[in-house]
Structure formats: C-alpha cells, structure tokens
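Note sheet for the following structure.
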Amino acid sequence: MKNKSINFRDRISSLALLSFSIFSCLGVCEVAIRIKNSPMNNYDVEMWRYSNTLKKRSDDDLLDFEHERSKSAKLQNVDIRLNNYGMRGAFIEEQFDGRRILFLGGSITLGWGVEEESTMTRQLDLMLKQGNTKDVQVLNAGVGNYNAARYTRRFFKDLIPLKPTDIVINYFLRDAENLLATKPNPILSNSQLALTLWILQQRLFNQTGENSLEDHYRRVYSDESVGLMKMKASIKKLSSYAKQNNIRLYLLMTPDIHNLVDYKFSYIHDIIRQMSKKHSIIFVDSLPVFRGIEFNKLYAMQGDPHPNRLGHKLLAETIYPLITSY
C-alpha cells in the first residue's frame with residue numbers, strides 16, 4: 001500500500017511538473033510573439049487588436065458586432081478615433097442645418113491603415129470646403145468586416161437620426177458575401193500565439209491565390225448566392241428609404257487592388273452598375289482611375305489589401321464631381 005501511495009504521488013508530481021513546463025513554454029512563446037508584433041506591422045494581428053479594442057458584441061445577430069463609441073486606439077501605427085456615434089472622426093451633433101454626406105461601407109471606408117486626415121471622407125470634406133461649398137459635413141460610418149447587409153442595417157438601427165442629405169455607398173466586392181454571426185472564442189480573443197497558429201493552419205490547409213480569389217467571387221456573385229440576394233435586398237431597402245426622404249443616394253464602386261493591370265472582376269462592376277440603375281442610384285466606378293496601378297503603390301502596408309492614402313485620394317476625386325453636380 002505504501003509503494004502504491006508513493007507511486008501515485010510521483011505521478012501527480014510528474015503531471016504537475018509537465019503541466020507547469022507546458023504552460024511556462026506557452027507563456028514564453030506568447031510574450032515573444034507579442035514583442036515581435038509590437039511594431040504593429042503584422043496585418044492579421046492588427047486586425048485582431050482592432051476587434052478587441054474598438055469592437056463589441058451586438059444585440060443584433062445580423063450585425064454580429066458594432067463599434068464602441070467615443071473610443072480610440074492606435075492600430076497598424078495609425079490613430080483611429082471613434083466618435084459618439086461609433087464613426088471615425090470627431091464628436092458630432094445630431095442636428096446639422098447644412099449638407100450632410102454620410103458614407104456607408106466596410107474597412108476601406110473606415111480607412112484601415114490610413115491616417116484620418118488622409119481618408120477619402122476627410123479629403124472629400126476638404127475638397128468641398130475649398131470649392132466654396134459651405135455648411136457641408138462628410139461623415140465616415142465605415143466598419144471593418146461589414147458587408148452591404150450589415151452597413152445598411154446599421155444605418156436603419158443607429159444613423160437615421162443624423163438625417164443625411166446624401167448617402168454614399170462605398171461598395172467593395174466583398175460586400176455581397178454572406179457573413180454569419182460568429183461565436184466568441186476566448187482563446188483566440190486573448191492569445192496572439194493562438195491567433196498565429198490558427199492563421200498558419202488556415203494558410204497551410206486553405207491556400208489562397210489569385211485563381212482561388214476569382215473562384216471565390218464567382219461563387220459570391222452566382223445567381224444562387226445567398227449573400228448576393230441579401231445584398232440586393234438591403235440596397236433596395238436603402239434606395240426606397242432615400243427616395244421617400246429626398247436623400248441623394250450614390251454608389252461609389254471600389255475595385256480589388258491586388259491586380260489592376262490584368263483586372264479579373266469587371267463583370268462584378270457591371271452587376272453593381274445594373275443594380276444601381278434599376279434602383280435609380282447615382283453610380284460611379286473608380287476602376288478607370290485605378291486601372292494599371294501596381295499593387296505595391298496602393299497597399300496600406302505589405303500584406304494588407306486595403307488602399308493607402310493615394311487610393312483614398314483617387315476615391316475622393318472620383319466621387320467629388322458627382323457630389324458637386326447636385
């Protein structure tokens with residue numbers, strides 16, 4: 001009996017030592033990963049930090065998450081401040097007597113990786129003021145990882161009280177994807193090591209490239225695509241609301257910037273152009289001003305598919321003539 005008791009204690013001690021060693025190693029790896037990523041030059045980790053610092057769970061399953069209000073963070077070496085409506089920029093009053101132009105969209109609209117003063121909305125605001133357009137306000141309601149169904153839902157949920165005179169849908173190819181509510185994962189939410197291993201696994205077993213991107217968008221814009229149907233229904237609803245409330249509604253089409261020399265997605269631009277025409281939405285395509293520009297001149301950071309300040313300048317210059325013609 002005594003020998004059995006000793007063997008049991010030895011096993012417990014060995015297990016405890018093994019557990020301590022494993023957790024110590026994991027802790028050291030976690031610290032090392034965080035030190036490595038401290039320069040904020042890892043796109044995936046910065047997106048992870050964005051979710052942890054500036055987003056919160058939404059009580060609306062379609063939205064899944066929302067921006068925090070009146071909060072800011074430095075992400076990818078860029079300061080992002082969210083105002084009292086959870087929009088990028090300074091505090092805004094609900095009432096405004098002038099022309100209020102509201103931009104809806106995802107992370108490109110938000111200006112991921114771009115300083116606030118260089119975003120398309122701030123550049124457009126400055127252009128309008130320099131053009132003697134008085135009493136104008138351009139608002140940025142972009143939220144990362146939002147598609148058309150989400151950013152239109154957010155408008156009806158939170159932004160109607162702002163009473164915009166103009167709404168610009170900053171449409172990107174991903175806006176017709178079918179995004180489902182996610183389940184919180186406490187390990188991935190709190191560990192950069194776990195995130196890094198998960199990303200590595202995804203890249204090893206779900207390799208992506210230009211051809212797979214083409215296949216992905218073919219599925220997204222196929223006739224049986226659920227995401228496409230949701231997108232069209234959302235845009236139709238927003239269009240009906242705009243007509244009923246005398247709001248000028250525009251759609252600014254933004255291309256995928258991975259390959260603008262041999263661009264593969266013009267057919268998607270045609271789909272969105274026809275949809276806009278059907279719903280009497282003022283359509284403008286920025287592809288002609290982007291076409292031919294090399295990817296490394298446009299990305300916000302290496303490995304980041306979001307357009308930089310040059311890309312935002314081109315978007316502002318594309319929509320400016322239409323805004324000033326109404």
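The figures here come from the full heavy-atom set of this structure, side chains too, leaving out hydrogens, waters and symmetry mates.
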Does Thr53 use its side chain to pair, donor to acceptor, with the backbone of Ala73 at less than 3.5 Å?
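Not at all, since once roles are kept as given, no pair shorter than 3.5 Å links the two residues.
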Check: [X]/[Y] side-chain N/O donor and acceptor closer than 3.5 Å:
X: Asp158; Y: Tyr85; answer: no
X: Thr254; Y: Asn170; answer: yes
X: His269; Y: Tyr263; answer: yes
X: Lys230; Y: Asn178; answer: yes
X: Asp304; Y: Gln76; answer: yes

Ring centres under 6.0 Å, that's the criterion: do Tyr217 and Tyr267 meet it?
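No - the distance between ring centres of Tyr217 and Tyr267 does not fall below the 6.0 Å cut-off.
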Can you confirm whether or not the ring centre of Tyr146 sits under 6.0 Å from the ring centre of His67?
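No: the rings miss the under 6.0 Å criterion.
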CA sep, side-chain torsions, deciding dist, call: Thr109, Asn140, side-chain hydrogen bond (donor to acceptor under 3.5 Å, both in side chains):
CA-CA 7 Å; Thr109 309; Asn140 185 335; 5.8 Å; no
Are [Y] and [X] co-members of a hydrophobic cluster defined by side-chain heavy atoms under 4.5 Å apart?
X: Val138; Y: Phe91; result: no
X: Leu287; Y: Val220; result: yes
X: Phe295; Y: Val289; result: yes
X: Phe96; Y: Ile247; result: no
X: Val143; Y: Ile160; result: yes

What I want to find out is whether Asp64 reaches Arg57 closely enough, with some N-O distance under 4.0 Å, to be called a salt bridge.
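Yes, charged N to carboxylate O under 4.0 Å.
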Where do Phe265 and Tyr221 land on the ring pair (Phe, Tyr, Trp, His ring centres under 6.0 Å) test, with the steps shown first?
CA-CA 11 Å; Phe265 307 115; Tyr221 287 90; 9.2 Å; no
So which atom in Leu82 and which in Glu68 form the shortest heavy-atom distance, rounded to 0.1 Å?
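Taking Leu82 first and Glu68 second, the nearest heavy atoms are CD1-O, 3.3 Å.
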Looking only at non-hydrogen atoms, find the nearest pair between Leu179 and Asn145 and report the distance.
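Minimum heavy-atom contact is CD1-O, 3.5 Å.
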Inter- and intrachain pairs under salt bridge (Lys or Arg N to Asp or Glu O under 4.0 Å), touching residues 276-295, at least two apart
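As it turns out, the salt bridge (Lys or Arg N to Asp or Glu O under 4.0 Å) pairs with a partner in residues 276-295, which skip direct neighbours, are Arg273-Asp285.
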